[in-house]
Protein chains: 2
Amino acid sequence: MRKIKIAIAGYGNLGRGVEYAVSLNPDMELKGIFTRRDPKTIETALNTSVYSMDTINSFFDEIDVMILCGGSATDLPKQSPELVEHFNIVDSFDTHAKIPEHFANVDEIAKKSGKVGLISVGWDPGLFSMQRLLFESVLVSGSGSTFWGKGVSQGHSDAIRRVEGVLDGKQYTIPNESAMDKVRAGEGADLTTRDKHFRECFVVAAEGADKARIEKEIKEMPNYFADYDTQVHFITAEELKKNHSKIPHGGFVIHSGKTGNNGENKQLMEFSIKLDSNPEFTASVLVAYARATYRLYMEGAKGAKTVFDIPLGYLSPKSAETLMATLL
Amino acid sequence: MRKIKIAIAGYGNLGRGVEYAVSLNPDMELKGIFTRRDPKTIETALNTSVYSMDTINSFFDEIDVMILCGGSATDLPKQSPELVEHFNIVDSFDTHAKIPEHFANVDEIAKKSGKVGLISVGWDPGLFSMQRLLFESVLVSGSGSTFWGKGVSQGHSDAIRRVEGVLDGKQYTIPNESAMDKVRAGEGADLTTRDKHFRECFVVAAEGADKARIEKEIKEMPNYFADYDTQVHFITAEELKKNHSKIPHGGFVIHSGKTGNNGENKQLMEFSIKLDSNPEFTASVLVAYARATYRLYMEGAKGAKTVFDIPLGYLSPKSAETLMATLL
């Protein structure tokens, strides 16, 4: 069997997760990791070869799918269109409001280059988006909501660390159980932002820092915390390292609808995930969709795609016959 | 906007559910219901026209998608191949072991007739199958399981009613919470059939019938009850009617996997449904997939398909642009 040749662009937590995930899929091989840093400075988890991004021209024919593992703020808006000129790509672009623009940018280049650019793959956007679409298409007369957590928000943790007197910090987004129950009961329409989640912060303060002021500044920070019920706990650097060094996350997509005579019957659909490692799970999703990207390309597809465009059968290494006989 | 013209073949609980579901989808119109019974004897829920199946030849150009609402035992194996000669069809064929054979039968005719035959649509097979495929493709190093209930099993209720001295009865399949927790913890490999579900029976006995014998016969019935922990409650006909006349169901697809360095991180995915009306929910799924069937046909597809072949975007009446901007 010819293996699907995968490469990784960018080697942080997500890139390392992809390295591990590819190793679990026997129909794939990892050809290398591309970085803008000095390749000699990078130690990979599984001894994968590391190359400078500057040498990528030599690899045009060596790679079936390039998995982009950079950030959505500055890396992907530039890298995805650039790389899709020469490679099939999968990225995890997750700035929801800018997805249509990113799609258009990738689509334009990919249509010309004849490659497939699958964007915004992961769990949200990604698996959660798929469930939202599925749920509202099936239960037309209904409403749903997405909840995130319990999990670490990198953006909110960064925001804490920018407060004067804070040495380090971690923020957990926590879904409100009673709000979830309201959505399950079909009564979630009036839920506000504050109702749906609360935020728990673990903060290491500098010696002598004014903790009351730090707590107030965090709780009143616009966009990040002001609209939520926020708890602030001060802990030591040792406690932070010991109890809060993982990157867990999770979430729920819940949709309730009514069917039948005057909507007499209530129907509930729910999808949830509970993750010890957010980046490793996102990486696992990216790798399954890299397989789909390769297949689409082999069928002659080109241009930008999203998870909404992919038949689920394309995600599995199993044949259509096997899937039908064992999973359907 | 041109509406998608739907018809229903077979008018029981499922057909009535489709009638209601189509009425909730403004991009569709219901052209009629076809029956093998005398059309005059059928009272429809929403005043839909009823025609004899014998007159179906007059409707070849009137219908975009025919939704088949007959049973899997005898109706669909015959009707699906017959009707796909002239119509795009969606069916809910749910005899798991015979799906490959049914697929082949529909595929052969549909490839010749140039129509699309989407088979085995519903929640299991159907939505549950999709989640099983998605989960195992993402979490390669893991294991999962499907649980059904709490809900009425028609087959097991029928089996109860065949016991001598039983006037009526209803059987609920109930998933075992502790078994589900084992699967969530990645420890479900050794679960037996008996561990995963138990069965609760509500039985109306004939006057003077030997209840001890009835209970024993039910509990020891091979295939149906012998492999499960089964509870039998004797109730009056009035109680059965008052408390057990709905057709609820539900279920869970749970998959746990490990990722990263030596599988150090546990990842959990779960999908669940809780239904007041099993047939109305199945009907809602059929109707969303009728939309996808129509689109596939308009794109030039032909032959048999399953839910594994359908991009999720095809289920929604919304444009790709709207989906990307609002749900991705």
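Chain naming here is simple, since letters A, B, ... match the order of the sequence lines and numbering starts at 1 in each.
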With a 4.5 Å cut-off on heavy-atom pairs, point out which of B/Ala325, B/Ala283, B/Gly260 contacts chain A the most. B/Gly260
Steps toward side chain to side chain contact (heavy atoms under 4.5 Å, CB included) verdict (B/Leu133, A/Leu328): CA-CA 8 Å; B/Leu133 194 165; A/Leu328 192 61; over 6 Å; no
Counting only non-hydrogen atoms closer than 4.5 Å, does B/Asp94 touch chain A with its backbone (N, CA, C, O), its side chain (CB onward), both, or neither? neither
CE of B/Met130 to CD of A/Gln131: how many Å apart, nearest 0.5 Å? 8.0 Å
Which residues in residues 271-279 of chain A have any heavy atom closer than 4.5 Å to a heavy atom of chain B? A/Phe271, A/Ser272, A/Ile273, A/Lys274, A/Leu275, A/Asp276, A/Ser277
Heavy-atom contact with chain B under 4.5 Å, split by part of A/Glu136: side chain
Okay, A/Leu46 and chain B: the region with an atom under 4.5 Å from a heavy atom over there is neither
B/His102 vs A/Met324 side-chain heavy atoms within contact, under 4.5 Å: no
Most heavy-atom pairs under 4.5 Å with chain A, out of B/Ala320, B/Ser129, B/Ala45, belong to B/Ser129
Those residues of residues 242-255 of chain B, ordered by number, that approach chain A below 4.5 Å (heavy atom to heavy atom): B/Lys246
Do A/Leu327 and B/Phe308 touch side chain to side chain, with heavy atoms closer than 4.5 Å? yes
Using non-hydrogen atoms and a 4.5 Å limit, figure out which bit of B/Val285 sits close to chain A: side chain, backbone, both or neither. both
Where on A/Leu139 is there a heavy atom nearer than 4.5 Å to chain B: the side chain, the backbone, both, or neither? side chain
Below 4.5 Å from any heavy atom of chain B, which atoms of A/Phe135 appear? Answer side chain, backbone, both or neither. side chain
Between B/Ser316, B/Gly257, B/Ser141, B/Ala288, the one whose heavy-atom pairs under 4.5 Å with chain A are most numerous: B/Ser316
Can you measure from OH (A/Tyr314) to OG (B/Ser137) and round to the nearest 0.5 angstrom? 14.0 Å
Under a 4.5 Å heavy-atom cut-off, does chain A meet the side chain of B/Leu286, its backbone, both or neither? neither
Can you list the residues that meet the salt bridge (charged side-chain N to carboxylate O under 4.0 Å, His left out) rule with B/Lys241, with sequence neighbours excluded? none
By a 4.5 Å heavy-atom criterion (distance strictly below it), what part of B/Glu321 contacts chain A: side chain, backbone, both, or neither? neither
Residues of residues 11-25 of chain B under 4.5 Å from chain A (heavy atom pairs)? B/Tyr20, B/Leu24, B/Asn25
